[in-house]
Amino acid sequence: MSWQTNYQTWQEQPTMIPYIHDELTVMAGNDEALEAAFSGPMSFGTAGMRGVMGPGIGQMNVYTVRQATEGVARYLDTLDEATKQRGVAISFDSRYHSREFAHEAAHVLGAHQIPSFVFDDMRPTPELSFAVRHLQTAMGIMITASHNPKQYNGFKIYGPDGGQMPPVDSDKITEFVRSATDVFAIPVADERDLRQNKLLRIIGEDVDQAYLANVASVTINADLIQKVGKTMKLIYTPLHGTGKVIGERALRAAGFENFTMVPEQAIADPEFPTVPFPNPEFAQAFDMAIALGKQEGADLLVATDPDADRLGAAVRQPSGEYQLLTGNQIASILLAYILKARKEAGQLPANGRVVKSIVSTELATKIAAAYGIEMKNVLTGFKFIAEQIHQYETQHDHTFLFGFEESYGYLIKPFVRDKDAIQSTVLLAEVAADYKQRGMTLYDGIEELYATYGYYAEKTVAQEFPGVNGAQEMAHLMTEFRENAPHDFANVAITETEDFSTGVKTSATGETSTIDLPQANVLKYWLADGTWICIRPSGTEPKVKFYVGTSAKTDQAAQEKLATFEAAVNAYVASI
Ligand SMILES: O=P(O)(O)OC[C@H]1O[C@H](O)[C@H](O)[C@@H](O)[C@@H]1O
């Protein structure tokens, strides 16, 4: 159907929600906006859906949230009654309409006689993952657009283990979402009736307490925290999001009492008024924390994104200036501490495993190997880390020690099955305390890791492919890489090419072997000097991402190599 026809259907609805009706009126005559909103449905995939808020079948609004939830409900209808009656846990972040969307989801589930457990106020994504496990619900829904700009919102689905659903199940839900084509015909139950019939229950403090008790268990050395925790100075910013509700309590419960929250950013605000993007990957997210850190002489600055699943950090350098750490550096220093402290405590299991994505740093592999611990590499997406944990638990063959992605996501203990910035904040504080006790800072700690294991450097660059032809152009780029395969980058030979779409690894001499991972449109090259280069279309944005990871004997040499390979990749792409 054309966007004009879809638009007309919306215009002619007799019972349109008044504020959406008003938004439609504002859009009248703006063909570009109307085309974007009405040409096709929102895409619903393995990560659920995410998009700009506004009227139309292609944007996030009450009707598209109802449609997505209807898909979830129809899926649950196919399961046995006992599973269905376990219901769905629902949380939401601090964005515009997040609370409203969470309740709309409950109303749709209620119309199917499916109970829901909705948080009384915003809560982090990892706490929703925890709630699914704690309340033993059949599924979970998180209303969030993570660290996207304020115009966005999203709908994420979780399976009974608390992990984002693996493709095999989420594909079924996607089918059901697509089958609910008439968004205006989806039945919704009345909030008051649902509450009376116990089909909608409000949860909050009870789950918080259980979650916080678990978070306290991620610390390893209680004596250390006792000694240093009270004096070590931290600055924490929740960047106007859900971390405010629980991050403060988590730090305090773990014994870190000497911290200040950036006051302006400890106010939940869907405008995210103090930052250009509420994303701890961006330096500007730290501007206020740095100013406060300098005033207070803080050792460590920590920022969590609006749904508190990602964590960024900055550490004080000897000069008094702060240096931002990358996701790879934060993960490496957390991992090195976990392995060291657990070994010292006699708690390092021989069958321990660390899990990371294929685009994350090899420094972690080297650290793990130094402790005789195996590294498992999985595709990008924390659901694949959750899937590993589930497997270890059911097969009893490995013990999960740590999981991470370079995109600022880490998980320490599996009472949550997604990245957890609250757990990570608490453990990172303990790591800082450990260095402080040794008369060092986290900055020195990173230097120490490099001096021991080699200087590792990584970079991700993304090329955007906006517009209607974007997907096609991205496909063309990937095809070019496959059909006119490069032999080298910057004159360093490619020794192995991994094509995850066929699951085949090919050496320069033509020998092949199988990659033991699900199929995905990803290419990874291993070079003669140990450098790796990976290319994949983003699963969440219209971008192709290029990742480079290298290492050398000095920092300068590693940075130079990184710059050379980045230029070589850019040159190859420009030649296509
Ligand atoms: O596909 P990308 O844009 O690189 O995003 C990848 C990210 O997608 C989601 O946010 C997942 O929750 C993350 O675990 C994953 O890292």
Side-chain angles (χ1 to χ4, degrees), residues 43-51 91 93 124-129 132 140-149 152-159 161-167 170 241 277-282 304-312 326-328 330-331 355-361 377-389 402-411 416-421 423-424 458-466 470-471 474 478 500 517-518 520-524 534-549:
S43 70
F44 193 95
T46 55
M49 64 180 183
R50 195 182 292 187
S91 179
D93 69 8
T125 293
E127 190 172 347
L128 182 269
S129 167
V132 169
I141 293 174
M142 180 74 204
I143 305 293
T144 182
S146 196
H147 51 283
N148 281 40
Y152 286 76
N153 216 326
F155 182 102
K156 272 186 170 182
I157 46 173
Y158 287 80
D161 70 334
Q164 283 186 51
M165 281 188 136
S170 66
F277 302 103
N279 185 348
E281 291 178 52
F282 288 115
T304 53
D305 76 341
D307 65 327
D309 61 351
R310 298 179 192 230
L311 170 152
T326 65
N328 280 319
I330 295 169
V355 190
K356 73 170 185 68
S357 71
I358 52 171
V359 294
S360 301
T361 184
N377 285 284
V378 294
L379 295 176
T380 303
F382 226 90
K383 57 180 170 284
F384 295 113
I385 296 179
E387 200 175 51
Q388 287 294 314
I389 302 173
F402 182 63
F404 78 98
E405 295 185 292
E406 62 26 268
S407 51
Y408 294 72
Y410 335 89
L411 179 67
V416 162
R417 296 296 163 95
D418 203 342
K419 44 201 176 289
D420 185 342
Q423 288 188 30
S424 315
E458 296 83 16
K459 186 156 184 188
T460 306
V461 282
Q463 190 176 335
E464 298 197 20
F465 290 88
M474 290 198 280
M478 295 303 289
F500 294 83
L517 284 178
N521 187 11
V522 183
L523 285 164
K524 187 169 179 181
C534 190
I535 302 158
R536 58 178 282 275
S538 155
T540 60
E541 294 168 294
K543 282 179 180 171
V544 173
K545 290 185 167 179
F546 303 91
Y547 304 80
V548 182

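Just follow the structure's listing: the first ligand is 1, and inside any ligand the first atom is 1. What you are looking at is a predicted structure, and each value in this text was computed from that prediction instead of being measured.
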- Does T380 reach the side chain of E405, with side-chain heavy atoms less than 4.5 Å apart? yes
- Side chains of D309 and K156 in contact at under 4.5 Å (non-hydrogen atoms): yes
- Beyond-backbone contact of V359 with V522, side-chain heavy atoms, under 4.5 angstrom: no
- atom 8 (O) of ligand 1 has as its nearest protein heavy atom T540 CG2, 3.6 Å
- Query: With atoms numbered from 1 as shown, which atoms in ligand 1 lie under 4.0 angstrom from a non-hydrogen atom of E405?
  - Reply: 13 (C), 14 (O), 15 (C), 16 (O)
- Message: Could you check whether any side-chain heavy atom of K383 comes within less than 4.5 Å of a side-chain heavy atom of S170, counting everything from C-beta outward?
- Response: no
- Query: Does any donor atom in the side chain of Y547 or R536 lie under 3.5 Å from an acceptor atom in the other side chain?
  - Reply: yes
- Message: Is there a polar contact, in the sense of an N or O pair closer than 3.5 Å, between S538 and ligand 1?
- Response: yes
- Query: Given that the side chain starts at C-beta and the backbone is N, CA, C, O, which of these parts of S407 lies under 4.0 Å from ligand 1, counting heavy atoms, or is it both or neither?
  - Reply: side chain
- Message: Show the atoms of ligand 1 that are less than 4.0 angstrom away from any heavy atom in F382.
- Response: 14 (O)
- Task: Using atom types as modelled and distance alone, determine if a side-chain donor or acceptor of Y410 lies under 3.5 Å from a backbone N or O of L311.
- Result: yes
- Note on the structure: atom 6 (C) of ligand 1 sits nearest the protein heavy atom T380 CG2, 3.8 Å
- Message: So if I count the atoms of ligand 1 from 1 in the order they appear, which ones are less than 4.0 Å from some heavy atom of Q164?
- Response: 12 (O)
- Is K419 salt-bridged to D305, cutoff N-O under 4.0 Å? no
- Whether G381 lies under 4.0 Å from ligand 1, heavy atom: yes
- Task: Heavy-atom distances under 4.0 Å are what count here, so tell me which part of R310 touches ligand 1: side chain, backbone, both or neither.
- Result: side chain
- To atom 11 (C) of ligand 1, the nearest of K545, K419, R536, K383 on a heavy-atom basis is K419
